[in-house]
Amino acid sequence: MHRDIAEVLFSEEAIRQRVRELGRAISHDLAGREAVVMALLKGSVLFFSDLVRSIDAPVKVEFAWASSYGKGTESSGEVLLKVFPEEDLRGRMVVVVDDILDTGRTLSAVVDRLRNELGVTDVRTCVLLDKKARRTARIEADYSGFPVDDVFVVGYGLDYADRYRNLPYIGVLKPGCYGA
Ligand code: 5GP
Ligand code: MG
């Protein structure tokens with residue numbers, strides 16, 4: 001285990017199994033239709049790459065960059081958003097993939113933008129982690145991997161100041177490692 005990690009919450013194996021289940025659920029709901037699966041950079045990229053491999057349906061991939069966090073662990077409240085669709089998304093089904101649903105501000109801003117500005121008729125959301133206790137926006141994910149308590153987690157794509165994304169598991173950072 002990395003020396004900055006106090007506790008592992010979700011092991012590599014637990015993540016692998018749960019991601020497969022999410023992929024199966026999405027495949028089932030798509031029922032052979034083609035979906036656009038959209039990763040929110042950067043946190044969701046590891047989850048995203050495993051998830052698309054467990055979806056058994058035709059998919060296209062797109063990317064968007066959304067951020068409400070600076071270098072700290074608290075949301076600034078403002079959501080910066082860039083969507084990079086290569087193709088016209090009007091009338092498409094889009095599954096937005098994020099690492100963690102916290103206050104919900106990021107995901108609801110992305111969903112609004114896709115619906116209202118990009119004309120997406122069918123938006124679904126998929127997150128690996130769900131911190132229900134912190135929700136302020138009215139949004140729930142259509143697919144969610146694990147509930148998580150109100151602790152700051154890193155690994156498997158999740159960062160603190162852009163570090164720890166490459167850890168294969170998800171864990172809690174030791175308190176002394178913030179601001180280091
Ligand atoms: P929301 O807009 O739902 O408050 O924030 C969602 C974003 O906040 C996530 O995509 C993620 O980047 C960040 N975030 C929220 N909680 C955590 C956490 O525990 N660890 C990390 N690394 N990022 C988090
Ligand atoms: Mg994020």
Side-chain angles (χ1 to χ4, degrees), residues 1-12 14-15 18-19 22 26 37-52 61-84 94-117 123-180:
M1 188 166 63
H2 192 289
R3 63 192 166 91
D4 295 354
I5 299 297
E7 186 196 351
V8 174
L9 295 184
F10 306 105
S11 69
E12 240 183 301
I15 294 169
R18 189 66 188 121
V19 172
L22 292 174
I26 292 171
V37 186
M38 178 177 278
L40 297 191
L41 302 172
K42 303 172 198 174
S44 79
V45 290
L46 277 76
F47 173 41
F48 176 79
S49 70
D50 287 336
L51 182 71
V52 290
V61 300
E62 294 289 351
F63 298 90
W65 181 85
S67 178
S68 59
Y69 273 68
K71 280 191 175 151
T73 61
E74 276 299 314
S75 175
S76 64
E78 199 181 325
V79 178
L80 306 169
L81 194 62
K82 286 181 197 153
V83 185
F84 310 104
V94 176
V95 182
V96 182
V97 179
D98 204 4
D99 48 6
I100 182 166
L101 188 52
D102 185 26
T103 66
R105 276 189 286 240
T106 307
L107 206 55
S108 54
V110 174
V111 169
D112 284 354
R113 175 88 170 263
L114 288 172
R115 282 211 183 104
N116 303 332
E117 288 173 40
V123 187
R124 316 264 171 110
T125 53
C126 178
V127 298
L128 182 63
L129 303 175
D130 186 357
K131 261 189 207 176
K132 278 206 195 300
R134 302 224 332 142
R135 199 82 83 252
T136 57
R138 270 231 301 276
I139 185 165
E140 292 304 328
D142 297 302
Y143 307 96
S144 117
F146 302 104
V148 64
D149 292 338
D150 186 10
V151 286
F152 191 79
V153 295
V154 296
Y156 195 64
L158 291 136
D159 72 306
Y160 172 68
D162 253 330
R163 296 173 63 205
Y164 310 107
R165 292 192 198 275
N166 58 325
L167 299 180
Y169 47 81
I170 293 169
V172 183
L173 207 50
K174 286 182 184 165
C177 299
Y178 294 109

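Order of listing sets the numbers, starting from 1, for every ligand and every atom in it. None of these values were measured; they are calculated from a predicted model.
- Some N or O of Gly104 is nearer than 3.5 Å to an N or O of ligand 1, by distance alone.
- For ligand 1 and Asp98, the ligand atoms under 4.0 Å from any heavy atom of the residue are 10 (O).
- Distances below 4.0 Å separate heavy atoms of Thr103 from the following atoms of ligand 1: 1 (P), 2 (O), 3 (O), 4 (O).
- For ligand 1, the atoms sitting less than 4.0 Å from at least one non-hydrogen atom of Asp159 are 21 (C), 22 (N), numbered in the order shown with element in parentheses.
- Among the candidates Leu9, Ile100, Leu128, the single residue satisfying the side chain to side chain contact (heavy atoms under 4.5 Å, CB included) test with Phe146 is Leu128.
- Residues Val83 and Met38 meet the side-chain proximity criterion, which asks for heavy atoms closer than 4.5 Å.
- The Asp99 neighbourhood of ligand 1 comprises atoms 9 (C), 10 (O), 11 (C), 12 (O), with distances under 4.0 Å to a heavy atom of that residue.
- For ligand 1 and Thr106, the ligand atoms under 4.0 Å from any heavy atom of the residue are 1 (P), 2 (O), 5 (O), 6 (C).
- The environment of CG in Asp142 is crowded: more than 12 heavy-atom neighbours from other residues, nucleotides or ligands sit within 6.0 Å.
- Shortest non-hydrogen contact noted between Lys131 and Asp149 is CG-O, 3.6 Å.
- The closest approach between any non-hydrogen atom of Phe152 and ligand 1 is below 4.0 Å.
- At least one N/O-N/O distance between Val153 and ligand 1 falls below 3.5 Å.
- Less than 4.0 angstrom separates some heavy atom of Val151 from each of these atoms of ligand 1: 19 (O).
- Listed here is the closest heavy atom pair of Phe63 and Leu41: CD2-CD2, 3.8 Å.
- Taking the six-membered ring where tryptophan is involved, the planes of Phe47 and Tyr156 are tilted, since the angle between them lies from 30° to 60°.
- Between Asp99 and Lys42 there is no salt bridge, since no side-chain N of the basic residue sits under 4.0 Å from a carboxylate O of the acidic one.
- The side chain of Lys131, and not its backbone, has at least one atom closer than 4.0 Å to an atom of ligand 1 (non-hydrogen atoms only; side chain from C-beta on).
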